[in-house]
Amino acid sequence: MKIYNKKGWVLGMGEILLGIVGVCVYVQTGFQTFDWKAGTLLILLFSFGVSGIVRSCSKEASREDRITQRDERNQYIALRCRAKTMEIMTYFLFVMVAGCMIGYGITKDTAFLWLLIGAGIPFGVLQIVSIVLGLYYERNQ
């Protein structure tokens with residue numbers, strides 16, 4: 001059996017391993033928290049994993065996957081989705097930071113400080129990375 005798409009094979013094995021870990025966790029806990037959502041998730045993990053492995057071992061399917069991955073339109077759509085997601089997350093984190101500051105100012109509850117730390121650190125890192133990347137791309141392009 002030859003593997004034509006190693007990345008797809010690794011992802012498929014990872015999904016199967018996640019499914020196995022999930023089953024082991026539920027077996028160890030005696031299926032106390034097992035419900036239909038967990039069962040659906042495990043079935044999906046196993047089926048996506050098997051599908052990824054089968055597609056990575058098929059020459060035609062691997063070629064199809066590579067063509068789809070290299071398609072300029074798909075790359076453009078993925079780039080636009082990532083950019084819009086980053087923009088939305090920036091606004092969301094800003095609103096969370098501002099809301100936590102206002103909440104702490106009004107109530108003096110320390111829970112707002114913990115929420116502020118949880119939202120402020122990713123917001124700060126996002127802003128710093130944005131500035132650094134902006135400077136990098138201005139200089140190199």
Side-chain heavy atoms nearer than 4.5 Å, only ILVMFWY residues, links allowed to pass through others: does that put [X] and [Y] together?
X: I3; Y: V54; value: yes
X: I20; Y: L42; value: yes
X: L79; Y: I88; value: no
X: I16; Y: V10; value: yes

*Mark yes when over 12 heavy atoms from residues, nucleotides or ligands other than F31 sit less than 6.0 Å from its CZ; otherwise mark no.*
yes
*Remaining members of V132's ILVMFWY cluster at a side-chain heavy-atom cut-off under 4.5 Å?*
I128
*Report the hydrophobic cluster partners of F48, with the cluster defined as I, L, V, M, F, W, Y residues connected by side-chain heavy atoms closer than 4.5 angstrom, directly or transitively.*
L44
*Which residue pairs satisfy the side chain to side chain donor-acceptor pair (under 3.5 Å) criterion with at least one member in residues 60-69, sequence neighbours excluded?*
R55-D65
Expected list for residues 32-39: side-chain donor-acceptor pairs under 3.5 angstrom, two or more places apart:
from, atom 1, to, atom 2, distance (Å)
D35, OD1, A38, N, 3.2

What residues form a side chain to side chain contact (heavy atoms under 4.5 Å, CB included) with [X], not counting sequence neighbours?
X: V95; value: none
X: R73; value: D71, I77
X: K59; value: Y4
X: Q127; value: T90, F123

Reported [atom1]-to-[atom2] distance for the pair [X] and [Y], which is rounded to 0.5 angstrom:
X: M96; Y: M89; atom1: CE; atom2: CE; answer: 9.5 Å
X: L45; Y: T40; atom1: CG; atom2: OG1; answer: 11.0 Å
X: I131; Y: L126; atom1: CD1; atom2: CG; answer: 10.0 Å

*Please name all residues satisfying salt bridge (Lys or Arg N to Asp or Glu O under 4.0 Å) with K84, sequence neighbours left out, ordered by chain then number.*
E87
Review item, side-chain donor-acceptor pairs of residues 21-30, under 3.5 Å, at least two apart:
from, atom 1, to, atom 2, distance (Å)
T29, OG1, V25, O, 3.1
T29, OG1, Y26, O, 3.3

*asked:* Which heavy atom of S56 sits nearest to which heavy atom of G8, and what is that distance?
replied: CB-C, 4.1 Å
Between side-chain atoms of residues 109-116 and protein atoms elsewhere (two or more places apart, or another chain), which donor-acceptor pairs fall under 3.5 Å?
from, atom 1, to, atom 2, distance (Å)
D109, OD1, A111, N, 3.4

*With Y76, which residues qualify under side chain to side chain donor-acceptor pair (under 3.5 Å), at least two apart?*
R80
